[in-house]
Q: 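Structure provided below as structure tokens; questions to follow.
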Amino acid sequence: MASPSKELGVGELAARAGVAVSALHFYEAKGLIHSVRSGGNQRRYARSVLRRLAVIKVAQRVGMPLADIAEALNALPSGRTPTVADWRRLSAKWKLELEERIRTLTQLRDQLDGCIGCGCLSLKACPLRNAQDALAREGAGPHFKAPGETPPSTR
Ligand code: FES
């Protein structure tokens with residue numbers, strides 16, 4: 001019996017990982033996984049890419065943006081495959097981010113309760129329409145000066 005190849009073709013990797021070939025190409029284009037080219041110019045993947053794909057799938061399942069997943073994977077020494085310890089660190093960090101996202105979404109949901117039946121979408125009054133308006137605390141009107149103009153706070 002022949003020994004199994006250390007590398008996988010794109011179809012074999014897709015089948016083993018349970019992802020579409022197009023997804024593999026996409027992940028590769030985004031720098032989440034890497035391949036080498038065979039003599040016949042076909043993509044060949046190290047078996048360790050299966051673990052990277054498992055991490056990517058789990059991270060996507062909990063709603064992590066691809067850019068964050070790529071950043072985390074690329075922060076590993078020499079772009080290596082995550083170990084159990086790496087995964088513990090990543091998942092702990094992502095847990096904190098998920099908790100923050102849940103807190104934000106819960107707040108949005110509660111604010112939405114006030115908007116249901118209102119429909120004003122007012123920049124002044126609606127917390128959903130202008131949720132990030134930090135300058136509103138400084139009063140109404142413009143807060144930035146044009147070149148040569150006196151800043152509003154010194155008027
Ligand atoms: S739609 Fe009126 S307060 Fe949000």
Side-chain angles (χ1 to χ4, degrees), residues 8-35 43 45-155:
L8 302 170
V10 68
E12 192 178 5
L13 180 64
R16 297 262 317 255
V19 299
V21 168
S22 59
L24 294 177
H25 292 167
F26 179 73
Y27 294 153
E28 193 166 352
K30 296 291 179 186
L32 279 86
I33 61 172
H34 306 281
S35 67
R43 288 182 167 93
Y45 297 90
R47 288 182 176 276
S48 60
V49 170
L50 285 166
R51 184 164 183 90
R52 275 178 93 91
L53 288 169
V55 169
I56 293 165
K57 284 176 68 178
V58 169
Q60 284 187 305
R61 190 157 178 229
V62 297
M64 295 307 300
L66 262 190
D68 290 0
I69 301 169
E71 184 184 315
L73 291 176
N74 290 331
L76 295 174
S78 322
R80 67 172 161 69
T81 293
T83 62
V84 171
D86 293 327
W87 172 240
R88 279 198 194 114
R89 258 190 314 278
L90 288 179
S91 57
K93 179 179 182 282
W94 287 343
K95 182 182 180 215
L96 294 177
E97 291 175 21
L98 280 175
E99 285 171 347
E100 173 61 22
R101 205 173 315 153
I102 289 167
R103 191 193 62 72
T104 302
L105 286 172
T106 301
Q107 186 180 1
L108 280 172
R109 182 204 60 202
D110 294 346
Q111 290 171 334
L112 183 62
D113 283 346
C115 291
I116 291 172
C118 174
C120 72
L121 292 176
S122 162
L123 276 174
K124 258 187 173 175
C126 180
L128 294 179
R129 173 78 195 279
N130 202 10
Q132 306 298 323
D133 190 5
L135 292 176
R137 281 179 243 121
E138 296 178 22
H143 296 279
F144 298 103
K145 68 179 188 86
E149 184 186 8
T150 306
S153 60
T154 60
R155 285 184 207 156

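Every number for a ligand or one of its atoms is a count from 1 in the order of the listing.
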Q: Taking both backbone and side-chain atoms into account, decide whether C118 has an N/O/S atom under 2.8 Å from atom 2 (Fe) of ligand 1.
A: yes
Q: Output yes if C115 passes the N/O/S-under-2.8 Å test against atom 2 (Fe) of ligand 1; output no otherwise.
A: no
Q: Could you grab the distance from atom CG of L73 to atom CG of D68, nearest 0.5 Å is fine?
A: 11.0 Å
Q: How far does CD1 of I69 sit from CG of L66, to the nearest 0.5 angstrom?
A: 5.0 Å
Q: Can you measure from CD1 (I33) to OG (S48) and round to the nearest 0.5 angstrom?
A: 10.5 Å
Q: To the nearest 0.5 Å, how far apart are CD1 in I102 and CD in Q107?
A: 14.0 Å
Q: Measure the distances from the heavy atoms of G114 to every atom of ligand 1 and state whether one is below 4.0 angstrom.
A: no
Q: Verify the distance test for C120 against atom 4 (Fe) of ligand 1: any N/O/S atom under 2.8 Å, yes or no.
A: no
Q: With the threshold set at under 4.0 angstrom, would you say L121 reaches ligand 1 through any of its heavy atoms?
A: yes
Q: Are there over 12 heavy-atom neighbours, none belonging to R101, within less than 6.0 Å of that residue's CZ?
A: yes
Q: C126 heavy atoms, cut-off 4.0 Å: which ligand 1 atoms fall inside?
A: 1 (S), 3 (S), 4 (Fe)
